[in-house]
Amino acid sequence: MDKPKAKHRPWNSIKPSGPPIANRSRDPFYHTARWTRESRAFRQQNPLCAHCRINGFIVPSEVTDHKVPKNVCKDPWDKNNWEAICKKCHAKKGPTDKKHFKT
C-alpha cells in the first residue's frame, strides 16, 4: 500500500534565516543574576510595552531591551537606555538595530 502524498502546508514554506536558535551564540551578560534581577524589577516598574503604548495599544511588557544596543552604548547598566517592550516589538526591533548600528 502506498503512502498518501503530503499536503502542502504554507506555514512550513518559510525558511528561517541564519543559524538555528540552538546554534546561535549567546551573550553571557543577559544570563547573569544581576541582569535577571534588575530587568525584572524594571519591567515591574514599567508593566506596559513602550512601543505598543505609543501606538495606542495596551500590551504587557515581556523584555527589557537596550534602546541603543549594549555593544554600542558605554554603560549597559544605565537604566535611561532601557525600555520595557513586548516580545513582538522586540523581534521587530532587533533587525532594525543591526541595520542602524551594524552590531
With a 4.5 Å heavy-atom cut-off, do [X] and [Y] have their side chains touching?
X   : Y   : result
S39 : R43 : yes
S61 : I85 : no
K93 : H51 : yes
W35 : T64 : yes
C52 : C89 : yes
L48 : I58 : yes
T36 : R40 : yes

Open item on the list: Under 3.5 Å, is there a donor on one side chain and an acceptor on the other for H90 and E62?
Closed with: no

Would you give the length of the straight line joining atom [atom1] of [X] to atom [atom2] of [Y], rounded to the nearest 0.5 angstrom?
X   : Y   : atom1 : atom2 : answer
F42 : E83 : CZ    : CD    : 8.0 Å
C49 : K88 : SG    : NZ    : 10.5 Å
N80 : C73 : CG    : SG    : 11.5 Å
T32 : D27 : OG1   : CG    : 9.5 Å

Open item on the list: Under 6.0 Å from the ring centre and within 45 degrees of the ring axis: does the NZ or CZ of R34 meet both conditions for the six-membered ring of W77?
Closed with: yes

Open item on the list: Tell me whether K87 at atom NZ has more than 12 heavy atoms from other residues, nucleotides or ligands lying less than 6.0 Å away.
Closed with: no

Open item on the list: Given 3.5 Å as the limit, does a donor-acceptor pair link the side chain of N81 with the main chain of V68, or not?
Closed with: yes

Task: H66 and F29 aromatic ring geometry - parallel, tilted or perpendicular at 30°/60° bounds - done: tilted

